[in-house]
Amino acid sequence: MKTHFMKYTLLLILGATMLTGCVSVMGQISERQGTKAYLQKDYATAFTKYSDAAAENNAEAQYHLAVMYAEGQGVEKDLAQAARLLRRSAEQNHADAQLMLGLFNIYGDGVPANPAEGAKWISLAATAGNDVAMYYLANLYAAGLGVKKSMPMALQWMQKAKDSGFPVEDELLTEAGLNALYKE
Amino acid sequence: MKQLMRIIMLAAILIMLLPHAAQAIEAQPAPQAIGEVISMMGSVTAQQPGGTSRDLDLSSPVFARDVLVTGMKSNVEIRFQDETTFAQGPQSTISLDEFVFSTDESASKLLFRMGQGTFRFVSGEIVRQNPEAFNLNTPLTTIGIRGTEPFAVVTAVKETIGVLSIDPGHVVEVTSPRATVSMDRPGLSTDVGPDGSMSTPAPTSPQVQQGVINAAPMTSQGERGARGTKDDLTRKVTAFKQNIAHSKGQLGGLGDKPDYGQLHTLSVQTTSQTSAESDRDGTSGSQGLGGDSGGGDSGDGGSDGGGGGPH
């Protein structure tokens, strides 16, 4: 009896793992098909494929789908829906989605403006290595927006952005240059 | 003696004229580049009227009055000073007749003349400054574009002119000697017959639209184009890297709200760069999204300008 029970449990676990794996692979396939269609400007197909993949919780698809809603590509523009999709993707640690969700929060797009929340998401993306996020985080520190104003932190993140490949202008690596952008 | 006098006089006249000649030569300003190549495959040349043909490569400058010619299995993408982006497919010719980008908006002007082939445009600043001053000609038509991404496929027997994307509220107007049509939505195109007659704009077939994008891919939009040769792939990776750096450089501070579309294009370009690197290094599996899409691997740098459409 015990062996039977164990066998069934094992089978169940195996089945569930395979199913999850299948679902995840299906999501990946749909996402790739969506991207292929998107690059062909076939927004109708891209929307369908991305929606399928997003329903399987594919973070990449959720990000792309969010942008289609934000830009009104193949669907009526809907920033609130874009924000919701970005959030689902961001919570799965998709750095591009975290950056965009952060900016949505900074500028009050699709969500009520909340600079602190915005800074939090941008910071997550920056820490994950996204150089564009590092650049924006540096700007947030220089402006004192969503975070306490700090030139040392701003300069640190600008340098990190540059080291990670962002083409930071030389002036922005100096306090004077940053100050010029965000004079009090 | 008389002969000598004549020679001396001639020499004297010439010497008098010399400074003026020098001035005249000096007064000719060095030609200013109006744009540069940001990606290409295969072989692309540029030639000034009466000048010699120049082979183009990544970052090569182009000048007003250049005639650009793409060979077989070739395409080129050019970014102009005002951020207008343009792509040309294989076996195509265009003449960059006029290009002026000025802080004085009324002085800005763009006039390009297409010959046969496949062409795509994404409008830049000149269209925003002075929409009337942005004009594209095909053999049969004039295309006025405002805030849009039009394309043209020109063959010996007909032209197809359409819109890939369009900013809301904008219009593409196509005028031939016989008719004028307007398109105010993306995905529409009109067919132009040799007599200048034009069909009512209708949805562009997926084959034609795919054909245009595959023939004239734009790395600035993250498009990957055909796989191409090893040299093409190396160039493609460089093109993506440079394009990405350019796009990042365009991002302002917090004062200008970021363009979410632009940020998204950045991430698409980054993914496409990775894919191009895999292709170049021969490590890609079946990931090729560009290579296996319609017309790509037919090996001519994209379809010959019309995909499966009837010719």
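Computed over heavy atoms, backbone and side chain alike; hydrogens, waters and symmetry mates excluded. All chains are named by letter (A, B, ...) in the order of the sequence lines, taking the proteins before the strands, and each is independently numbered beginning at 1.
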Least distance between heavy atoms, B:L251 atom then A:Y135 atom
O-OH, 3.5 Å

When the 4.5 angstrom heavy-atom criterion is applied to B:I213 and chain A, the contacting part is side chain

I need the B:T270 OG1 to A:D131 CG distance, nearest 0.5 Å.
8.0 Å

Distance from B:I244 atom CD1 to A:F166 atom CZ, nearest 0.5 Å?
12.0 Å

Does the side chain of B:V268 come within less than 4.5 Å of A:H64's, by heavy atoms?
yes

For B:D256 against A:Y107, the heavy-atom pair lying closest together:
O-OH, 4.0 Å

Tell me, side chain or backbone of A:L140 under 4.5 Å from chain B's heavy atoms, or both, or neither?
both

Between A:P167 and B:A245 the two heavy atoms that sit nearest each other are CG-O, 3.5 Å

Considering non-hydrogen atoms only, spot the tightest contact between A:T35 and B:R224 and give its length.
CG2-NH2, 4.4 Å

Which value, rounded to the nearest 0.5 Å, describes the distance between B:L164 atom CG and A:Q40 atom CD?
10.5 Å

Rounded to the nearest 0.5 Å, how far does CG of A:L86 lie from OH of B:Y260?
9.0 Å

Taking only residues two or more places apart in sequence, or in another chain, which ones meet A:Y63 in a ring pair (Phe, Tyr, Trp, His ring centres under 6.0 Å)?
A:H94, B:H264

Taking atom CD as the centre, does A:E169 end up with more than 12 heavy-atom neighbours from other residues, nucleotides or ligands that are less than 6.0 angstrom away?
no

Atom OG in B:S165, atom CD in A:E71: separation rounded to 0.5 Å?
10.5 Å

Of all heavy-atom pairs linking B:P258 and A:L103, the shortest is CG-CD1, 3.7 Å

To check you understand the geometry: which heavy-atom pair defines the closest contact between A:L39 and B:G222, and what is its length?
CD2-O, 3.6 Å

Test your reading of the model: is there a side-chain donor-acceptor pair from A:Y182 to the backbone of B:G255, 3.5 Å cut-off?
no

Counting only heavy atoms closer than 4.5 Å, note whether A:N130 contacts chain B via side chain, backbone, both or neither.
neither

Could you tell me if A:K41 and B:Q221 have a donor-acceptor pair between their side chains, going purely by distance under 3.5 Å?
yes

What option among B:E223, B:M218, B:K241 has the most heavy-atom pairs under 4.5 Å with chain A?
B:E223

Within the structure provided, determine whether A:D42 and B:Q209 are in side-chain contact (heavy-atom separation under 4.5 Å).
no

